[in-house]
Amino acid sequence: MTRLSAALRGLVTTVAALLAVTSLPAAAAPAAAQVRPDPRAPEDFVALRSVDATIIEEMRYVTAHNFVGERVDGYRQPLCILTRPAAEALHRAQTRLLRQGYSLKVYDCYRPQRAVDHFVRWAEDLDDQAMKAEFYPDVDKTRLFADGYIAEKSGHSRGSTMDLTLVRLPARPTRPYHPGQPLVPCYAPQDERFPDNSVDMGTGYDCFDTRSHTLDPRVQGAQRANRLLLKDTLEDVGLVNLPEEWWHFTYKPEPYPDTYFDFPVSAKSLAGRR
């Protein structure tokens, strides 16, 4: 009886301990296990297609055809998101260009901070040079920060900056990029570099090279004329060019000059908007 009583007492003690653990309130669960919802865009951010559906969208960072070589963090859908004033400025520019037989084409618009962080991690990984032959053929990867090609903050994250080009109408389809295919320098002649249905700007998009400077003296003739058509048209509607990148423009004055957003590029971030 003594051995049985001891065994029973031990069983009762074990059951009581288990009941005490399972009765702990849910709030005691580790905070790390809680899933936080993604941030949402402010009310004055819109999908560009809701303002002007005629502007062509080729959102490169949703694809693997970019200097990183893979889809970039935060890009969940091929969608151009901008502050409404920036989107309306593009609409005004598009109206003028359509009358001349051109369309705008955007490569990137609002860019979440998590995407910028992805760029930084990629730039710090000196072993990853898979896309060098196209996007930075003459730049040592150790120089990307010093030369200003990569930074820890981007104006794109404020919502009023976009990367874009011109397409002569009617627009031809662009052949899709297949990872692993041979790469050609972004400053090669247009008929040699990766095919793009845009006009010839002298370099491809995101070309880490001084030839990408809007007024680089080596870019002349039709290429320079195309750059100036884009620049002059966009400046007339309040968009300012970054001199180091012919494709980069910012609406001024910016609605959020000091705020860097991190909501994902997706329709869900704009749910409920018109």
Side-chain angles (χ1 to χ4, degrees), residues 58-76 106-159 161-165 177-190 192-196 198 200-219 223 227 231 240-250 257-262 264-265:
E58 185 182 314
M59 310 306 292
R60 286 288 185 88
Y61 298 140
V62 183
T63 76
H65 189 213
N66 58 66
F67 57 85
V68 175
E70 63 182 358
R71 179 193 287 250
V72 177
D73 289 355
Y75 286 86
R76 298 183 183 172
V106 291
Y107 293 116
D108 191 37
C109 299
Y110 158 75
R111 180 184 305 165
Q113 180 61 44
R114 68 191 74 181
V116 180
D117 296 341
H118 190 169
F119 292 167
V120 170
R121 292 194 305 274
W122 166 81
E124 291 173 341
D125 181 3
L126 300 182
D127 293 329
D128 182 355
Q129 307 217 19
M131 305 300 285
K132 178 178 175 62
E134 178 174 352
F135 291 96
Y136 53 108
D138 297 338
V139 178
D140 192 296
K141 198 173 181 183
T142 62
R143 297 286 309 170
L144 292 180
F145 290 103
D147 291 348
Y149 293 113
I150 300 293
E152 294 182 351
K153 294 290 185 182
S154 169
H156 283 271
S157 301
R158 301 194 296 262
T161 293
M162 69 291 298
D163 296 337
L164 70 174
T165 189
Y177 168 77
H178 299 289
Q181 71 182 60
L183 301 176
V184 177
C186 52
Y187 52 71
Q190 186 180 37
E192 296 178 18
R193 60 182 184 260
F194 186 83
D196 189 312
S198 65
D200 187 3
M201 293 290 191
T203 76
Y205 169 57
D206 260 354
C207 186
F208 293 6
D209 191 275
T210 54
R211 295 174 182 85
S212 294
H213 292 186
T214 307
L215 300 179
D216 186 275
R218 291 167 292 182
V219 178
Q223 297 171 341
R227 291 186 182 191
K231 180 177 182 289
V240 179
N241 176 238
L242 179 69
E244 292 76 20
E245 298 176 350
W246 60 257
W247 56 80
H248 180 118
F249 289 83
T250 299
D258 303 308
T259 306
Y260 297 84
F261 296 98
D262 192 41
V265 177

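Atom CD of Glu152 has 12 or fewer neighbouring heavy atoms from other residues, nucleotides or ligands inside a 6.0 Å radius.
A centroid separation of 6.0 Å or more is found between the aromatic rings of Tyr149 and Phe119. The six-membered or imidazole ring of His65 lies away from that of Tyr205, with a centre-to-centre distance of 6.0 Å or more.
When side chains are defined from C-beta on, Pro264 counts as touching Arg114, because their heavy atoms get closer than 4.5 Å. Side-chain atoms of Asn66 and Met59, non-hydrogen and from C-beta on, never get closer than 4.5 Å to each other.
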Would Phe135 and Trp122 count as a ring-ring contact (aromatic ring centres under 6.0 Å, His included) if you check the C-alpha gap in whole Å, the side-chain angles of each, and the deciding distance to 0.1 Å? CA-CA 14 Å; Phe135 291 96; Trp122 166 81; 9.2 Å; no
What verdict does the salt bridge (charged side-chain N to carboxylate O under 4.0 Å, His left out) test give for Asp262 and Arg111, after you've listed the backbone C-alpha separation in whole Å, the side-chain angles of each residue and the deciding distance to 0.1 Å? CA-CA 8 Å; Asp262 192 41; Arg111 180 184 305 165; over 6 Å; no
Which is it for Phe208 and Phe67 under the ring-ring contact (aromatic ring centres under 6.0 Å, His included) test, yes or no, and what are the steps along the way? CA-CA 9 Å; Phe208 293 6; Phe67 57 85; 5.0 Å; yes
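In the model, Trp246 has no side-chain atom that pairs as donor or acceptor with a side-chain atom of Thr165 under 3.5 Å. Side-chain atoms of Asp206 and Tyr107 include no donor-acceptor pair closer than 3.5 Å. Under 3.5 Å, the side chains of Asp108 and Tyr75 contain a donor-acceptor pair of N or O atoms. Between the side chains of Thr210 and Arg218, at least one donor-acceptor pair of N or O atoms lies under 3.5 Å.
A salt bridge between Lys141 and Asp147 is absent, with no side-chain N of the basic residue lying under 4.0 Å from a carboxylate O of the acidic one.
Ring geometry for Phe194 versus Tyr177: interplanar angle over 60°, hence perpendicular rather than tilted (30 to 60°).
A donor-acceptor pair under 3.5 Å is formed between the side chain of Gln181 and the backbone N or O of His178.
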